**Student:** 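I have a structure here, written as structure tokens, and I will follow up with some questions on it.
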Number of protein chains: 2
Amino acid sequence: MPHEVEREALSRYLEDHKLKQTKQREAILDVFLEVTGHISGDELFRRVRERHPHIGFTTVYRTMKIFCEAGLAIERTFEDGLTRYEIPHEHHDHLVCVRCGRIVEFECSMIESAQDRIADEYGFRLLRHRHELYGHCTDCQGR
Amino acid sequence: MPHEVEREALSRYLEDHKLKQTKQREAILDVFLEVTGHISGDELFRRVRERHPHIGFTTVYRTMKIFCEAGLAIERTFEDGLTRYEIPHEHHDHLVCVRCGRIVEFECSMIESAQDRIADEYGFRLLRHRHELYGHCTDCQGR
DNA sequence: ATAGATGCAAATGTTTTGCAGGAAA
DNA sequence: TTTCCTGCAAAACATTTGCATCTAT
């Protein structure tokens, strides 16, 4: 049984919130968990559709909102304004290639602590941040 | 004559690009230059309209694109997805209060050089970045 | 005279909502 | 059998485009 842990996490969340266990939600979870990287709502919908032609895009969007609330997905928005989803793992920020769209993750504890100092300095209570570096990746520099 | 320098910069840009000097472009420039901070297309349109009821929002959007190309404005997008414009000045990033919408600018050379190192490490040629800190500002922490 | 600008209306593209029928508890 | 879901169509939303008309050069 693939994605056992996540399926159970979803079950628990749905039960706790008096929501229903449906075929669509399971199907979307499976497709989403097979994704490596950052997928847009539209692209995810197309992949779901390949295997489950009856599922509508409305359901995909609504389901991803639930997954985000359940901690099974994280919503991100980059320069193009599309909503993308990723599987949660350690905190990180992103490098984005503006030519091929490649997204690479990075983590820098020095930047993290600098952010805390800055927020402190301006009297802000920090909730979250967005830090994206845009450029050309190795493969795209020749062009 | 207010905004003399910017008016001339605009004139020069329009001439160089065989574009036309129009009342609308001057009017929008004046309203924009009076803005302190970061203004959305919609809000800018409303302020332009107060003084120039005949100017359409299409013209405001089109004109701001020209101003950006002419280096008279910079386009920014924060969490709410709206396009905002600011008057160019030294490089900086932003703290955004998610309750009142206040936007504060900050600059941190340590973060800047860390970014360069990271881009380097991943083989990216860095073009630009976006760094935003979201939280509650001093005034909004009680609520 | 002519290239370019304007303003309205309509289109765009992604995401959300209304609603009637359908499925899970 | 009630509450929640689904899928379609339509709406929402900020921004862009088409086009006939107007204006700066």
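So you know, we letter chains A, B, ... as the sequences are listed, proteins then strands, and number each from 1. Values below: every heavy atom of this structure, side chains too, minus hydrogens, waters and symmetry copies. Owing to the predicted nature of the structure, the values given are computational and were not obtained by experimental measurement.
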**Student:** Quick check on C:dT16: is either OP1 or OP2 less than 4.0 Å from any side-chain nitrogen or oxygen of A:Tyr61?
**Tutor:**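 Checking A:Tyr61 against C:dT16: no side-chain N or O falls below 4.0 Å of OP1 or OP2.
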**Student:** Within the distance-only criterion (no hydrogens, no angle test), does the side chain of B:Tyr13 pair as donor or acceptor with the backbone N or O of B:Gly71 below 3.5 angstrom?
**Tutor:**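 No; zero donor-acceptor contacts below 3.5 Å.
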**Student:** Aromatic ring centroids of A:His92 and A:His131 under 6.0 Å?
**Tutor:**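 Here the rings of A:His131 and A:His92 have centres that are no less than 6.0 Å from each other.
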**Student:** Using atom CZ of A:Arg46 as one end and atom C1' of C:dG13 as the other, report the distance to the nearest whole Å.
**Tutor:**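 Answer to the nearest Å: 13 Å.
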**Student:** Would you indicate, yes or no, if D:dG7 has its OP1 or OP2 atom less than 4.0 angstrom from a side-chain nitrogen or oxygen of A:Gln24?
**Tutor:**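 Yes, within the criterion.
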**Student:** Would you say the side-chain atoms of A:Arg125 pair up with the backbone N or O of B:Gly135, donor to acceptor, closer than 3.5 Å?
**Tutor:**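 It does not hold such a pair.
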**Student:** Please state how far atom CG in B:Leu14 lies from atom C1' in C:dA3, giving the value in whole angstrom units.
**Tutor:**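 About 14 Å, once rounded to whole Å.
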**Student:** Hey, does the side chain of B:Arg62 come within less than 4.0 Å of D:dT15's phosphate (OP1/OP2), counting only N and O?
**Tutor:**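 B:Arg62 to D:dT15 OP1/OP2: no side-chain N or O under 4.0 Å.
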**Student:** Are any of A:His54's side-chain N or O atoms less than 4.0 Å away from OP1 or OP2 of D:dT6?
**Tutor:**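 Answer no for this pair, as no side-chain N or O of A:His54 is under 4.0 Å from OP1 or OP2.
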**Student:** Report the residue (A:Thr22 or B:Thr59) whose heavy-atom-nearest nucleotide on DNA chain C is the more 5′ of the two.
**Tutor:**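 Residue closer to the 5' terminus by nearest nucleotide: B:Thr59.
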**Student:** How many Å lie between CG on B:Leu82 and P on D:dT16, as a whole number?
**Tutor:**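 The answer, rounded to whole Å, is 12 Å.
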**Student:** Taking NZ from B:Lys20 and C1' from C:dG4, how many angstroms apart are they, rounded to a whole number?
**Tutor:**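 Between C1' of C:dG4 and NZ of B:Lys20: 4 Å.
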**Student:** So, taking the atom named CZ in A:Arg7 and the one named CD in A:Glu26, what distance separates them when rounded to the nearest 0.5 Å?
**Tutor:**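 A:Arg7 CZ to A:Glu26 CD: 4.5 Å, rounded to 0.5 Å.
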**Student:** For A:Ile55 and D:dC5, what is the distance between atoms CD1 and P respectively, to the nearest whole Å?
**Tutor:**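 Computing the A:Ile55:CD1 to D:dC5:P distance gives 15 Å.
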**Student:** Once you round it to whole Å, what is the distance between P of C:dG7 and CZ of B:Arg25?
**Tutor:**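 For the pair B:Arg25 CZ and C:dG7 P, the rounded distance is 11 Å.
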**Student:** Using a cut-off of strictly less than 4.0 Å, decide whether B:Lys23 has a side-chain nitrogen or oxygen near OP1 or OP2 of D:dA24.
**Tutor:**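 Yes, B:Lys23 has a side-chain N/O under 4.0 Å of OP1/OP2 on D:dA24.
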**Student:** Whole-Å distance between C:dA5 P and B:Tyr13 OH?
**Tutor:**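 The answer, rounded to whole Å, is 11 Å.
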**Student:** Using a cut-off of strictly less than 4.0 Å, decide whether A:Lys65 has a side-chain nitrogen or oxygen near OP1 or OP2 of C:dT15.
**Tutor:**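 So the side-chain polar atoms of A:Lys65 never come under 4.0 Å of the phosphate oxygens OP1 or OP2 of C:dT15.
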**Student:** Rounding to a whole Å, what distance do you find between B:Phe57:CZ and D:dA14:P?
**Tutor:**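 Taking CZ of B:Phe57 and P of D:dA14, I get 11 Å after rounding.
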**Student:** Could you tell me whether the phosphate oxygens of C:dG7, OP1 or OP2, come under 4.0 Å of any side-chain nitrogen or oxygen in B:Thr58?
**Tutor:**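 No.
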**Student:** So, OP1 or OP2 of D:dA14: does either fall under 4.0 Å of a side-chain N or O from B:Thr83?
**Tutor:**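 No.
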**Student:** Spell out, as yes or no, whether a donor-acceptor pair under 3.5 Å connects the side chain of B:Gln141 to the backbone of A:Gly123.
**Tutor:**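 Side chain of B:Gln141 to backbone of A:Gly123, a donor-acceptor pair under 3.5 Å: yes, one is there.
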**Student:** With DNA chain D as reference, determine whether B:Leu19 or B:Arg84 sits nearer its 5' end, using the nearest nucleotide of each.
**Tutor:**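 So the residue in question is B:Arg84.
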